[in-house]
Amino acid sequence: MSDILALAGTNLISPIILSFVLGLAAALARSDLSIPEAVAKGMSIYLLFAIGFKGGASVAAHGVDGGLLMSVGAGVLLSFGLPLLAFALLKILTGFSRLDAAAVAAHYGSISIVTFVAATSVLESRGIMAEGYMVAVAAAMEAPAILSALWLVSRNGSGGRMEPGLMREILLNGSIVLLVGSFVIGLVTGEKGLGDIAPFIVSPFKGVLCLFLLDMGLVAGRGLLQSKGVIGLGAVAFGVIMPMTSSLIGLIFGLLIGLSTGGVVLLMVLAASASYIAVPAAMRVALPEANPAIYLTLSLGVTFPFNLTLGIPLYVALATQFTGG
Amino acid sequence: MSDILALAGTNLISPIILSFVLGLAAALARSDLSIPEAVAKGMSIYLLFAIGFKGGASVAAHGVDGGLLMSVGAGVLLSFGLPLLAFALLKILTGFSRLDAAAVAAHYGSISIVTFVAATSVLESRGIMAEGYMVAVAAAMEAPAILSALWLVSRNGSGGRMEPGLMREILLNGSIVLLVGSFVIGLVTGEKGLGDIAPFIVSPFKGVLCLFLLDMGLVAGRGLLQSKGVIGLGAVAFGVIMPMTSSLIGLIFGLLIGLSTGGVVLLMVLAASASYIAVPAAMRVALPEANPAIYLTLSLGVTFPFNLTLGIPLYVALATQFTGG
Amino acid sequence: MSDILALAGTNLISPIILSFVLGLAAALARSDLSIPEAVAKGMSIYLLFAIGFKGGASVAAHGVDGGLLMSVGAGVLLSFGLPLLAFALLKILTGFSRLDAAAVAAHYGSISIVTFVAATSVLESRGIMAEGYMVAVAAAMEAPAILSALWLVSRNGSGGRMEPGLMREILLNGSIVLLVGSFVIGLVTGEKGLGDIAPFIVSPFKGVLCLFLLDMGLVAGRGLLQSKGVIGLGAVAFGVIMPMTSSLIGLIFGLLIGLSTGGVVLLMVLAASASYIAVPAAMRVALPEANPAIYLTLSLGVTFPFNLTLGIPLYVALATQFTGG
Amino acid sequence: MQMHPAKRVEIVIENPLVGRLTNALTEAGVTGYTVVPVHGGAGRSGRWTREGQIGQAGMAMVICLIKPERLDTLLEAAFAVVERHIGVVSVTDTLVLRAERF
Amino acid sequence: MQMHPAKRVEIVIENPLVGRLTNALTEAGVTGYTVVPVHGGAGRSGRWTREGQIGQAGMAMVICLIKPERLDTLLEAAFAVVERHIGVVSVTDTLVLRAERF
Amino acid sequence: MQMHPAKRVEIVIENPLVGRLTNALTEAGVTGYTVVPVHGGAGRSGRWTREGQIGQAGMAMVICLIKPERLDTLLEAAFAVVERHIGVVSVTDTLVLRAERF
Ligand SMILES: Nc1ncnc2c1ncn2[C@@H]1O[C@H](COP(=O)(O)O)[C@@H](O)[C@H]1O
Ligand SMILES: Nc1ncnc2c1ncn2[C@@H]1O[C@H](COP(=O)(O)O)[C@@H](O)[C@H]1O
Ligand SMILES: Nc1ncnc2c1ncn2[C@@H]1O[C@H](COP(=O)(O)O)[C@@H](O)[C@H]1O
Ligand code: NA
Ligand code: NA
Ligand code: NA
C-alpha cells in the first residue's frame with residue numbers, strides 16, 4: 001500500500017500531471033488562459049500519429065505473436081461488455097434516466113487515448129516494456145461500446161436509433177483511422193522509418209503531452225464550472241468505482257492472455273478509461289436527448305483526472321504484483 | 001528499368017509516402033479525419049522556412065558559383081515556356097475550353113514546393129548532394145507561368161485580364177516571400193545560424209513533412225470525390241505525360257548548366273511539378289470563369305501523387321544515368 | 001562605444017532578428033504572407049511555457065536566495081512607477097490627450113515577454129548566466145502599471161474606471177498564469193522534469209522564436225501601415241527615449257539588489273520593454289476612448305524593434321560594464 | 001439594380017449534424033447554402049464556448065437564401081433533422097441580386 | 001410550418017467585451033444567443049484584420065433571437081455595455097420555428 | 001430606444017477577392033463593414049468545405065450596414081467586383097442604433 005502511495009507520489013510530481021493540474025486550476029480560477037482549438041486538435045493528431053507509429057514499429061521489431069489477435073479480441077469483448085456493467089452500476093448509484101445512463105455507459109466501454117498515452121509514458125520512465133500492438137487494441141475498443149449502449153436503449157422500445165451512416169462514421173472516425181493507419185505505417189517501415197522521424201515523434205513527445213494535458217485541464221475545469229450541480233455524490237462515486245472495477249476485469253483478461261507486465265497495465269488502463277471525443281459526438285447524433293453535461297463531466301471531470309493521478313500508479317502496482325514483473 | 005522499380009519500391013515504403021497514402025485512403029473512405037486549416041498552414045510555413053534557410057546556409061557554406069544565375073534563368077525560362085507545351089498537349093488530349101486549358105497550363109509551368117521538399121528528402125536519404133540555391137530557382141519559377149497563361153487567353157481577345165494589383169500580389173505572394181526571405185537569412189547567418197536553429201528546422205523536418213503529406217492526401221482525396229466526372233481519361237493521361245515530358249526538358253537544361261546530380265534531379269522535379277496554392281488563387285482572380293475543379297484535380301489529384309510515388313525515383317534514376325553521378 | 005556597435009552588429013546578424021526584419025519587410029511591401037492566428041497563439045503559449053519552466057528548473061538547481069523577493073519587489077515598484085515617468089515624458093514630447101497618454105504609460109510600465117525571451121537567448125549565446133527567478137519578476141510586472149494608469153486618469157475625475165471583474169481578469173490573465181504556473185512546475189520537478197521535456201522546450205526553442213518573431217514583424221508592419229500619421233516625431237522620440245531611460249532605472253535597481261550581470265540585463269529589459277498583449281486588452285475595457293492605434297504603434301512598432309535590435313546589446317554592454325561581469 | 005424577393009433561413013445546429021442537414025437540404029432540392037463557424041452561445045441547454053470543448057462538438061450556422069415559394073420544402077427537410085436536437089431556426093425576408101442563381 | 005414573429009439583434013463588439021455583453025444579456029433575462037467570429041472589418045475607428053492583430057483583440061458578432069416584446073429590455077442591457085465602445089447594433093424582423101424556445 | 005432604418009447587405013465571396021471588394025466599397029464611400037469567415041457551402045459551382053482546401057481559397061462573408069439612400073452606390077461598387085465571380089448578394093431591411101455612425 002505504502003508502495004502504491006510512493007508510486008503515486010512520484011507520478012504526481014511529473015511535468016505531465018502538473019500541467020494538467022495547472023490547466024484545471026486556471027480554469028477553476030476563471031483565468032482566460034486558453035489553447036486555440038486548432039492547436040489542441042493539431043496536438044491530438046500528433047499524439048495519435050506518434051503513438052500509433054511507435055506501436056507499429058515496435059511490433060515490426062519484436063514480431064507479432066498470437067497475443068495480438070487474442071488481445072484485440074479481449075478488447076472488443078471488454079468494449080461490448082463494460083457498458084452493461086456501467087449501466088447496472090449507474091442504476092444502483094444514481095438516479096439518471098435510462099437514456100442518460102446508457103449514454104454514460106457507452107463512454108466507459110470505450111477508451112481515452114490520452115490516458116493510454118500518459119500510461120505509456122509512465123511505463124517508459126519506469127523502464128517497463130509493453131507489447132507494441134496494444135495501440136491496435138485501443139483502436140479496436142473505441143466503437144463497440146456505442147452499439148451496446150444503443151442496444152440498452154432500444155431494448156425498451158424508444159429513444160436511440162442507429163441513424164443511417166452513423167455506423168460508418170463511428171468506425172471511420174478520425175482517431176481510429178489515424179491510430180490504425182500510423183500503426184500500419186510503423187509496421188511497414190519498421191525501425192528504419194522510426195529512425196527517420198524519431199526526432200519528431202519520439203524526442204519531443206513528452207513535452208507535447210504536457211501542453212496537451214494543460215489544455216485537457218482547462219477543458220475539464222471549464223466543463224466542471226459549467227455543469228455545477230449536474231452530477232451528485234452517487235455519480236462521482238461511479239466515476240471512481242467504475243474504472244477501478246473495469247481495471248480489475250482488464251487485469252484478469254491480461255493475465256489470461258499472458259501479456260507482459262506493461263501490456264497488462266495498458267489493458268487495465270484501456271478498460272478503466274472513458275471516452276471523451278468519439279463517443280460524445282456519436283451520442284449527439286444517436287441519443288440527442290441524453291444530457292451531454294452528465295457524460296462529459298463524468299468522463300472528463302471525474303474519471304480522467306482519477307486515472308491520470310491515482311489510477312495509473314495503482315494499475316502499475318497491481319499488474320507488477322500479479323505478473324511478478 | 002528494374003533498377004528504377006527497385007528505387008520506386010524503396011521510395012514507396014517510406015513514412016512520407018505512406019502518410020500521403022493514408023490521407024488519400026481516409027478521404028476516399030469518407031473518414032472525418034482532418035487537420036485544422038491553421039495547423040496545415042502552420043506546417044507549410046515551417047517547411048518553407050526550413051527549406052529556404054537550409055538552402056541559404058548551404059550556399060553560404062559552399063560559395064556561389066555561376067550556376068546560380070544560370071539556374072535561375074533556366075527556371076524562369078521553363079516557367080514561361082512549359083505552359084505553352086502544356087496548352088498544346090491539352091488541345092490534343094482533352095476537350096477543355098481555351099480558358100480551362102490556359103488555366104491548367106499555368107499550373108504546370110509553376111511549381112509545387114512540397115514535391116520539391118519531398119525530392120530533397122529522398123536525395124538526402126540516398127546521400128546525393130544538391131546545390132543549395134535550387135531553392136531560389138523554385139521561388140523564381142512560381143510566377144512567370146501565370147503571365148504565359150494570361151497571354152494565351154488574351155491572344156484571342158477575351159477573358160483573362162491582368163487585374164490591377166494582381167502582378168504585385170503574385171510576386172509578393174506569401175510563399176515566394178518566405179522562401180526567398182529565409183534563403184537570404186540562411187545565406188547571411190550561415191553555418192552559425194543553422195547551428196542555432198537546426199534542432200527546429202533540421203531534425204524534426206521529415207516528421208513534419210509526414211503530417212503535412214497526410215493532410216495533402218486528405219485534401220487530394222476529398223478533391224477527387226468532389227470533382228468526380230470532371231476530368232476524363234485524356235486529362236488523366238495529360239497529368240502523367242506532362243510531368244514526364246517537362247522533367248526531360250528540365251534534365252536537358254540541368255545538364256547544359258552543368259548542375260550536380262542532385263541539382264539536376266531538383267530542376268527536373270521543379271519542371272515536372274504543378275502548383276496547387278499560388279496559381280489557383282491567381283486564377284480565381286484573373287480567370288474566374290475557368291473551372292477550379294479541373295485544374296485542382298489535375299494538379300493535386302493526378303500529377304502530385306504521380307510525382308511523389310513514381311516520378312521522383314524515375315527522375316533520380318535518369319539524372320544519375322546522365323550525369324554519371 | 002565601438003564595442004557596443006560590434007555587439008549590436010553580431011546581434012543583428014542572427015536568425016532571430018532577421019526573421020523579425022523579414023516579417024516587417026513583407027508587411028511593409030504588402031505581401032499576403034501571414035501566420036494563422038491560432039498558430040501564433042500556439043507559439044506564444046509554447047514560449048511562455050518553456051521560459052517559465054526553464055526559470056523554475058534553474059531556481060530548483062541553484063536554490064533561492066533573498067534576491068528573489070527583492071527582485072519581485074523591485075519589479076512591482078518599477079511597474080507602478082514607470083507609468084508616471086512615461087506620462088510626464090509624453091506630456092513634454094507629444095500632444096496626446098490625457099487619456100491617450102495614460103494608456104500609453106500603462107504599456108511602458110508593464111513588460112513584453114518576447115523581448116525578455118529574446119534577451120534570454122542573447123545572454124545564452126554569449127554564455128552569460130542569469131537568475132532563473134527573473135521569470136517570476138516578469139510575471140509580477142505585468143499588472144501594476146495598469147493600476148497606475150487608471151489612477152492617472154481618475155485623478156482628474158473622468159474617464160477610466162475600474163470595471164467590476166477587471167482586476168481579476170488582469171491578474172489571472174493567461175500569460176501571467178502560464179508563466180507563473182510553468183515556473184512552479186519547473187521548480188517542483190527540477191532537473192529531472194527538465195530532462196524529460198528538454199527535447200521539446202530547450203532544443204527547438206530558438207527556432208520557434210524565429211517563426212514567432214516573423215509573425216511579430218508582420219503584425220508590427222501591418223500596424224504601422226494601418227496607423228500611418230497617427231504618431232508624430234515627438235512620439236517616436238518617446239518610443240526610444242523612454243526605454244533607454246527606464247533601462248537605466250532598471251540598471252540601478254539591479255545593481256542595488258546585487259543581481260548577476262545576466263540578471264541586471266533582464267531587469268533592464270523588463271523595465272525598457274512595453275506590453276502589447278495584456279495591457280492593450282485591459283485598455284479596451286477600462287479606457288475604451290483611448291486610441292489603440294497610438295499605443296499599439298508605439299509599443300509594437302517603435303519600442304519593440306528598438307529593444308530587439310539596438311536596445312538589448314546596449315543593455316548587455318552597460319550591465320557588463322557596471323557589474324564588471 | 002434589379003433585386004428579387006427571397007427568404008433567408010438561418011439554422012444554428014450542432015457540428016456532428018451539419019453534414020446530415022446539408023444532405024437533407026440537397027435532397028430537398030436546395031442547392032445553395034453557406035456554413036459559418038460559431039464560437040459559442042447559450043440556449044435552453046446552457047452556455048458554452050469553443051474553449052470549453054474537445055473534439056468535434058460545438059455548433060455551426062447554416063444560411064440558405066431561397067425563392068419564397070420553396071421555403072416550405074426547405075423548412076420541412078431542415079426540421080426533420082433539427083427536430084430532436086438543440087438549435088434554432090429563423091426566417092427573414094430579403095432581396096437578392098442575380099435571381100437566376102436561386 | 002408554424003412560424004412566430006421575433007427580432008434578430010446583431011451586435012458587433014470587441015472581443016474583450018463579449019463576456020461582459022453576454023453576462024449583461026443573461027442578467028436582463030435573455031437566455032439565448034450565438035457568438036460568431038469576425039475576421040476583420042472597418043468602421044469609424046479604421047480598418048483591421050485578424051492578421052494585423054496580436055493577443056486577445058479583434059471583434060466578434062453576437063446574434064440574439066428574441067420575442068418582440070422583450071426587445072427593449074435587451075437593447076437597454078446591450079447598450080449599457082456597448083455605449084462607450086466601438087461596434088454596431090442592428091435589429092431585423094424575423095420569424096422563428098419552435099417559439100416556446102424564446 | 002431610438003432606432004433608424006438601414007439596409008443590411010450580405011455578400012458571400014471568394015477569399016482572394018475580399019480585399020478587392022472592400023477596397024471597392026471604400027472607394028464608393030462605404031466606411032463600415034464586417035468580414036466573417038465561412039467554413040463551407042454549396043452553390044452552382046458545387047459543394048466545398050474548408051477541410052477540402054489548401055492555401056488561400058475558400059470564401060468569406062462581408063456584411064455592410066448602410067443608410068437606405070446609399071444602397072445603390074454600394075450595390076454598384078460590389079457588383080463590379082462580384083459580377084464575374086461565384087457568390088451571392090442579399091439585402092435585408094433592418095434598424096440600427098446610433099445612426100450617426102452610418
Ligand atoms: N434565442 C437565441 N438566439 C440566438 N441563438 C440561440 C438562441 N437560442 C439558442 N441559440 C443557439 O442555439 C444553441 C442551442 O440552443 P438550445 O437548443 O436552446 O440549447 C445555443 O448554444 C445558441 O448558439
Ligand atoms: N456600417 C457597418 N456595417 C457593418 N459593420 C460595421 C459597420 N460599421 C462598423 N462595423 C463593424 O464594427 C467595428 C467597429 O466599428 P466602429 O465603431 O465604427 O469603428 C468595425 O470594425 C466593423 O467590424
Ligand atoms: N442560395 C444560397 N444560399 C446561401 N449561400 C449560397 C447560396 N448560393 C451560393 N451560396 C454561397 O456562395 C458560394 C458560391 O456559390 P455559387 O456561385 O452558386 O457557386 C457557395 O459556396 C455558398 O457559400
Ligand atoms: Na473503458
Ligand atoms: Na512545373
Ligand atoms: Na516596461
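Side chains are part of it too, since the values below use all heavy atoms of this structure and drop only hydrogens, waters and symmetry mates. Quick caveat: nothing in here was measured; it's all calculated off a predicted structure. Residue numbers begin at 1 in each chain, while the letters A, B, ... track the order of the sequences.
- Contact annotation for F/Val9: neither backbone nor side-chain heavy atoms come within less than 4.5 Å of a heavy atom of chain D.
- Contact annotation for F/Glu76: both backbone and side-chain heavy atoms come within less than 4.5 Å of a heavy atom of chain D.
- Only the side chain of D/Thr92 comes within less than 4.5 Å of a heavy atom in chain F; its backbone stays farther off.
- Residues of residues 60-75 of chain F lying under 4.5 angstrom from chain D, judged on non-hydrogen atoms, are F/Met61, F/Asp72, F/Leu75 in numerical order.
- Of all non-hydrogen atoms in D/Pro37 and F/Pro37, the two that sit nearest each other are CD-O, 3.3 Å.
- Interface residue D/Thr26: only side-chain heavy atoms are found under 4.5 Å from chain F.
- Considering only heavy-atom pairs separated by less than 4.5 Å from chain D, the leading option among F/Ser90, F/Gly40, F/Ala42, F/Gly41 is F/Ala42.
- Closest non-hydrogen pair, F/Val91 versus D/Thr94, comes out as O-OG1, 2.8 Å.
- F/Val38 touches chain D through backbone and side chain together, each having a heavy atom under 4.5 Å away.
- Residue with the most contacts toward chain D among F/Val88, F/Val36, F/Asp93: F/Val88 (heavy-atom pairs, distance under 4.5 Å).
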Would D/Thr22 and F/Arg47 satisfy side chain to side chain contact (heavy atoms under 4.5 Å, CB included), going step by step from the backbone distance to the final call?
CA-CA 10 Å; D/Thr22 57; F/Arg47 203 165 168 164; 2.7 Å; yes
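- The contact between F/Val89 and chain D is made by backbone and side chain atoms together, counting heavy-atom distances below 4.5 Å.
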